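All values derive from a computational prediction rather than experimental measurement.
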Amino acid sequence: MTAFYEPRLVALSIVIAVLTAFAALNLVQRVAMSPRGTARAWLVGGAVITGAGLWSMHFVGMLAFQLPIPVVYHVPTMLFSLGIAVLVTFFALWIAGGPRMGALRLALAGLCMSIGFACMHYSGLFAMQIVPAVFYDQKLFAYSIAAAVAASWLLLGLASVLREGLNISMLLARAGAGIVIGVALCGMHYIGMAAARFEPDSYSLGAVPGELAGSSTDLLILIATVSVLAVVAALLLTIIDHAHLAPAMHPRAGGAGPVAARDPVTGLARRAHLEQTYDDLLEAVPGPGRMIALLAVGLEGQQVISDSHGEEAGAQLLRELAARLGTLVRPGDTVVRLDEGDFVLLLANLTDSEQAARVAARVGEEIGRAVPLAQAEVRVSARIGIALYPRDGGDCDTLLRIARAAQSAA
């Protein structure tokens, strides 16, 4: 039995896959950067939204697969495949948004995810209720499993790398990664569809010959439509949130004001702008229960590298570390360079101290990663102190003094 594809539905499935992957990457950022209670809400809600989006790509791809017979989908089986998709994306968000893991554990997690992707796909094919039963080309079946593994590794790996920061460059990077992941997910699906083989006398249980089996698909189409709208809404909220916060803080995060006011090495704001930036953040704190965190970050070993490898190597090191710090902050936060090896992060509109501690832990991780220079690969470490408004004081100087005292004790 020969099948063909409806090109418009194929294109739609690819668009849905890319949007869903992009949404998932931004939701990983929410899970990773939010306080614990909020992170759980993002985890559950994000799994439902992106899992349903992933399933919608799969279902639209199945609708694109046109057989010369009417097909009835077994709704409970399709809903079961939807549940698998939600569980798989929950697992992905949980792994990628949780504590950083090594390459081996991420690889094992990707293998587990690929099993979920394959189960979702092939349970969907089973729901077509084709008699005699569908059989599969073994080589293409193996290729589809390999594609599922590759898509899983791509999703987890890129999500882990791009999970911190909400600036324009990071959003663009996630958009590009979303395209790559979406195409990989569609590749898994369409290779799996190509593996399916149908007998010439096949028919779908419950279908009336010569008529389209619309009754069994109406509910599924409704679920897919709502799911895609939810994915689009999640993306719009992300973009609106970014657009709302970025204008106020983007200049400061990247080096505020005139060129003369910037640090010539890193391009960040200088000490003279720290108090003004803090005052602006203080005015923006919306009400009781909200706080500002000041993180004092002192590099250890930076001067030794400058002395041994030269001033240009030291400047290159500082530029790389400043860029890494920039990926850890959201629109609304600020990175400032005070002097040779001292930086300050101002984190706006926090809900608890744990959120600041999580950012500090990530700062330590990023600073501690190796930095490749022209002459060698080098490493430095950081001492980090935290002070919170209003707990530790109300003015910038007090918070900076307390953060530096905590830094010295660290």
S.K.: Would you call Glu312-Arg319 a salt bridge at under 4.0 Å N-O?
M.R.: yes

S.K.: When you compare the side chain of Ile130 with that of Ile69, does any pair of heavy atoms fall below 4.5 Å?
M.R.: yes

S.K.: Do Leu63 and Leu220 have side chains that get closer than 4.5 Å, going by heavy atoms?
M.R.: no

S.K.: Counting N and O atoms only, with roles assigned by atom type, does the side chain of Gln129 sit under 3.5 Å from a partner on the main chain of Phe126, one being a donor and the other an acceptor?
M.R.: no

S.K.: Is the side chain of Gln66 donor-acceptor paired with the backbone N or O of Phe4 at a distance under 3.5 Å, no angle test?
M.R.: no

S.K.: Evaluate the criterion side chain to side chain contact (heavy atoms under 4.5 Å, CB included) for residue pair Asp201 and Tyr203; output intermediate values, then yes/no.
M.R.: CA-CA 7 Å; Asp201 58 345; Tyr203 64 94; over 6 Å; no

S.K.: Check whether any side-chain heavy atom of Thr50 lies under 4.5 Å from a side-chain heavy atom of Val231, and answer yes or no.
M.R.: no

S.K.: Checking the side chain of Glu199 only, and the main-chain atoms of Pro132 only, is there a donor and an acceptor separated by less than 3.5 Å?
M.R.: no

S.K.: Answer yes or no: does atom CD of Gln138 have more than 12 heavy-atom neighbours from other residues, nucleotides or ligands under 6.0 Å?
M.R.: no

S.K.: If we only count heavy atoms from C-beta on, is the Glu300 to Arg383 side-chain gap below 4.5 Å?
M.R.: yes

S.K.: Do Val28 and Arg174 come within less than 4.5 Å of each other through their side chains, counting heavy atoms only?
M.R.: no

S.K.: Find the distance between OG (Ser152) and CZ (Phe117) and round it off to the nearest 0.5 Å.
M.R.: 4.5 Å

S.K.: Do the charged groups of Arg369 and Glu366 touch, with an N to O distance under 4.0 Å?
M.R.: yes

S.K.: Rounded to the nearest 0.5 Å, what separates atom OG1 in Thr277 from atom CD in Glu275?
M.R.: 10.0 Å

S.K.: Quick one: are Thr20 and Met57 in side-chain contact, heavy atoms under 4.5 Å?
M.R.: no

S.K.: Does a side-chain heavy-atom distance below 4.5 Å link Ile223 with Met78?
M.R.: no

S.K.: When you compare the side chain of Leu67 with that of Met128, does any pair of heavy atoms fall below 4.5 Å?
M.R.: yes

S.K.: Using the rule given for side chain to side chain donor-acceptor pair (under 3.5 Å), can you reason through Tyr122 versus Ser144, listing the C-alpha separation, both sets of side-chain angles and the distance that settles it, and then say yes or no?
M.R.: CA-CA 10 Å; Tyr122 287 104; Ser144 73; 2.7 Å; yes

S.K.: Under the 3.5 angstrom rule, does the side chain of Trp153 hit a backbone N or O of Ala107 as a donor-acceptor pair?
M.R.: yes

S.K.: Please enumerate all residues that pass ring pair (Phe, Tyr, Trp, His ring centres under 6.0 Å) together with Phe343, with sequence neighbours excluded.
M.R.: none

S.K.: Tell me whether Asp352 contacts the main-chain N or O of Gln355 through its side chain, where contact means a donor paired with an acceptor under 3.5 Å.
M.R.: yes

S.K.: Which pairs of donor and acceptor atoms, one on a side chain in residues 184-195, lie under 3.5 Å apart (sequence neighbours left out)?
M.R.:
from   : atom 1 : to     : atom 2 : distance (Å)
His189 : ND1    : His58  : ND1    : 3.3
His189 : ND1    : His121 : ND1    : 3.4
Tyr190 : OH     : Ser13  : OG     : 2.6

S.K.: So, do Phe59 and Trp55 have ring centers that fall under 6.0 Å from each other?
M.R.: yes

S.K.: Tell me, yes or no, whether the heavy-atom count around Tyr143 atom OH, taken from other residues, nucleotides or ligands under 6.0 Å, exceeds 12.
M.R.: no

